[in-house]
There are 2 protein chains.
Amino acid sequence: MTLDDVARRAGVSTATVSRVLNDAPSVRPATRSRVLKAVTDLNYLPNEHARTLAGGRSRVLGLLVSNIENPFFLDIYHALEDAARTLAHEVVVASTGYVPEHLASSIQHMRARRLAGIAVIVSEIDADLAGQLVHSGMPTVFYDAPRLDRMPPNIAADYRTGMHRCVEYLRGLGHRRLAFVGHHTSLYPLNARQAHFVEIVAKARPALEYRIETSDDSPEGGRLATRALLASGFRPTAIVCVNDFMAIGVVRELLDQGLGVPRDVSVTGFDNIGLSSYTSPRLTTLDIPRARIGTTMCDLLVPEAPGHTGRPTDIVITPELIVRESTGVARS
Amino acid sequence: MTLDDVARRAGVSTATVSRVLNDAPSVRPATRSRVLKAVTDLNYLPNEHARTLAGGRSRVLGLLVSNIENPFFLDIYHALEDAARTLAHEVVVASTGYVPEHLASSIQHMRARRLAGIAVIVSEIDADLAGQLVHSGMPTVFYDAPRLDRMPPNIAADYRTGMHRCVEYLRGLGHRRLAFVGHHTSLYPLNARQAHFVEIVAKARPALEYRIETSDDSPEGGRLATRALLASGFRPTAIVCVNDFMAIGVVRELLDQGLGVPRDVSVTGFDNIGLSSYTSPRLTTLDIPRARIGTTMCDLLVPEAPGHTGRPTDIVITPELIVRESTGVARS
DNA sequence: TTGTACGCGTTATCAT
DNA sequence: ATGATAACGCGTACAA
């Protein structure tokens, strides 16, 4: 089923069919409808590959995330997709699962497909890969990108301020023994949230005790990290989690060990995913506006986007503290 | 950056470069490495569009789901992707959000891309669209497909038995006033789980009271449905949810209204998503083996798959009841 | 073993 | 307004 078939059936040339399909201006209404009829009769659909090959342009955006199971990424995906849809663009996702090899191969695939642009939200990307991407000529936008020489547009969250708010809030509640539950990540960059946690906690006076435990980015990971934490004998009065997704498992394990939340241990998440207000107790967390991130990425990537500015804009998002039920005054 | 550039740099013809890239047998090691060097020097990546256009085949599978936010679908996606990866295939997802227009356009896109195959898990698909898909010639596999004349491979869950197990279990616990919380769905087919619930409950002796409420497929939907349910004055002692995702919101709303789960109201989910054992209380649910579904779909779609059988296999999955903490004896 | 040349299905540039 | 036809970048018979 090709253009030729349609052309033959409509008694016109392929050029005309192509014009109709791309609603070019000059086509007589009569022929136009003849062509359209042939198209539906034959249930014809243009070959996308031939199309982008001949036309040169693609209307597909790529999104690269670390872990699509985490609702945080899913939300960004949705926002991006919605924004893209209004611009007649599609978006394809690839989740690396924090596996560097998957990251590399996903990038290959996206480059091979000559996408219209690519949005990257993978904390484990190194400067090398990022640079390669940028130099490949594809429009690229990063969220939390590593520092690059030729900076591409970047959207950054001010995790330092966010973490500061979180720790200060807990200190105000009287917490002096804190734990951080993070997730494994390949070295680049050392997880910003964790780094800032350490920095801030280390500076606090009077001094705070703290401990760090890491595991997979999942509820199960949160549970395992908490189990290890408690098994070590350390008794935190508050656990700061790298994100809500893991916090769900942290709370679960605490409960399973007979610890009340927040009666015995306070727990904070990060991201403010939808689920965080459905757990019991509801999670205290820091909000990161995923929708805005997704929309902004689309703006940055697609020239036809309403919010598109040619120059590489740097955008900074400051996480807001959302106090709910999982935190309370420290048990004395 | 094209084959030509590489060929020129390596001092060979494009045909030879192509051979190297597709590791064809007869290429002298010396020239092979010359070509490979040129490729890396130029950071060359074959144009996927030209490739599938010329070669005719595509190594990309499509997955069509109703709501990728629901972990149920996400799990299938992952299983499918993992299986596909071992066969050097990619998979692209499209989530319709239960919007028929999105479904149609996603199908268009996938057909346009001449994918190697397409897996469909959208309850809202009608026989018309399904038929169109099958007749388009693309290898297709359905999960819970509408009945078709020319049956494509289909994977079905025996919801009737599953729902029967669920209702019988609740009856055994003394529940006589049941509610069903389902999700909106375009007509085709009337949600099987709901239909079976009604059928089974209506037959039960002594007679059961029941009521149905529907909303979006999300925790928020579950919450809203429950709110409406209670506002109506109906006092179920047990709520059967169409899936775990909504059940999360159902439990939340119950708790918010001061009702204990399962003390005052028992709640059952469906699917046995990972989250269902992280909520408090843990959800009693019916297990559906998502991983198996994803793997099987890959087997059915890809000829090179180990489990591939030429003939359209019909597979039936029977949901297993998993009893956890959200159900208990009916309050007298 | 390697090169030449045609075809894949479409868009776009000329003519007409 | 419409029709030829040359790209687009690659795979692959067919030759050499």
Side-chain angles (χ1 to χ4, degrees), chain A residues 1-36 38-39 42-60 88 108-116 136-138, chain B residues 1-36 38-39 42-60 88 108-116 136-138:
Chain A
M1 199 56 46
T2 75
L3 254 199
D4 242 330
D5 300 317
V6 179
R8 210 179 337 264
R9 193 171 220 282
V12 296
S13 75
T14 60
T16 299
V17 178
S18 179
R19 288 191 187 96
V20 172
L21 261 29
N22 298 287
D23 35 48
S26 58
V27 173
R28 192 173 1 140
T31 40
R32 165 182 221 78
S33 56
R34 277 222 318 289
V35 170
L36 254 23
V39 167
L42 267 41
N43 192 16
Y44 166 79
L45 219 52
N47 182 317
E48 184 67 23
H49 301 293
R51 216 168 214 205
T52 68
L53 184 57
R57 61 227 147 75
S58 156
R59 300 188 76 75
V60 181
Q108 299 280 73
H109 281 134
M110 292 191 169
R111 284 186 52 203
R113 282 187 56 187
R114 304 295 191 265
L115 300 183
S136 77
M138 288 186 48
Chain B
M1 197 59 44
T2 76
L3 255 199
D4 241 330
D5 300 316
V6 179
R8 210 177 339 261
R9 194 172 219 279
V12 298
S13 74
T14 60
T16 299
V17 178
S18 178
R19 288 190 188 99
V20 172
L21 261 30
N22 298 287
D23 37 46
S26 57
V27 173
R28 200 184 343 154
T31 40
R32 168 183 218 77
S33 56
R34 278 222 319 285
V35 170
L36 253 24
V39 167
L42 266 42
N43 192 16
Y44 165 79
L45 219 52
N47 182 317
E48 184 66 24
H49 301 292
R51 218 171 207 200
T52 69
L53 185 57
R57 61 226 147 76
S58 155
R59 300 187 75 75
V60 181
Q108 300 279 73
H109 281 134
M110 292 190 168
R111 282 186 54 204
R113 282 188 56 189
R114 304 296 191 267
L115 299 183
S136 78
M138 288 187 48

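No experiment lies behind these values; they were computed from the predicted model shown. A note on names: the letters A, B, ... follow the listed sequences, proteins ahead of strands, and every chain is numbered from 1.
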* Base-contact (B) and sugar-phosphate-only (S) positions in nucleotides 8-16 of chain C, heavy-atom cut-off under 4.0 Å, - elsewhere -> BBBBBB---
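Taken over five-pair windows at either terminus, the axes of the helix from C:dT1-D:dA16 to C:dT16-D:dA1 are inclined to one another by 40° (rounded to 10 degrees).
B:Arg111 has its side chain within reach of A:Asn43: a pair of non-hydrogen atoms, C-beta onward, lies under 4.5 Å apart. With contacts defined as side-chain heavy-atom distances shorter than 4.5 Å, the pair A:Leu53/B:Asn47 qualifies.
Contacts between residues 25-35 of chain A and DNA chain D, counted as heavy-atom distances below 4.0 Å, involve A:Ser26, A:Val27, A:Arg28, A:Thr31.
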* To do: Any chance you could lay out the side chain to side chain contact (heavy atoms under 4.5 Å, CB included) test for A:Gln108 and B:Leu45, step after step, and finish with the verdict?
  => CA-CA 8 Å; A:Gln108 299 280 73; B:Leu45 219 52; 3.8 Å; yes
* Asked: Given the rule in the side chain to side chain contact (heavy atoms under 4.5 Å, CB included) test, do B:Leu42 and B:Arg9 qualify, once you have shown the distances and angles that lead to the verdict?
  -> CA-CA 9 Å; B:Leu42 266 42; B:Arg9 194 172 219 279; 2.9 Å; yes
* Between B:Arg114 and A:Glu48, does a side chain to side chain contact (heavy atoms under 4.5 Å, CB included) hold up when you go through it step by step? -> CA-CA 8 Å; B:Arg114 304 296 191 267; A:Glu48 184 67 23; over 6 Å; no
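Taking every heavy atom of both residues into account, B:Ser58 and B:Thr52 meet most closely at CA-CG2, 4.2 Å.
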Listed pairs under 3.5 Å, donor-acceptor, residues 20-29 of chain B side chains, sequence neighbours left out:
residue : atom : partner : partner atom : Å
B:Asn22 : ND2  : B:Ser18 : O            : 2.7
B:Asn22 : ND2  : B:Ser18 : OG           : 3.4

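Of the possible donor and acceptor atoms, one in the side chain of B:His49 sits under 3.5 Å from a partner among the backbone N and O of A:Arg113.
Residues satisfying the salt bridge (Lys or Arg N to Asp or Glu O under 4.0 Å) test with A:Arg59, not counting sequence neighbours, are none. With sequence neighbours excluded, the residues forming a salt bridge (Lys or Arg N to Asp or Glu O under 4.0 Å) with B:Asp5 are B:Arg8, listed by chain and number.
For A:Thr16 and D:dG3, the shortest distance from a side-chain N or O to OP1 or OP2 is below 4.0 Å.
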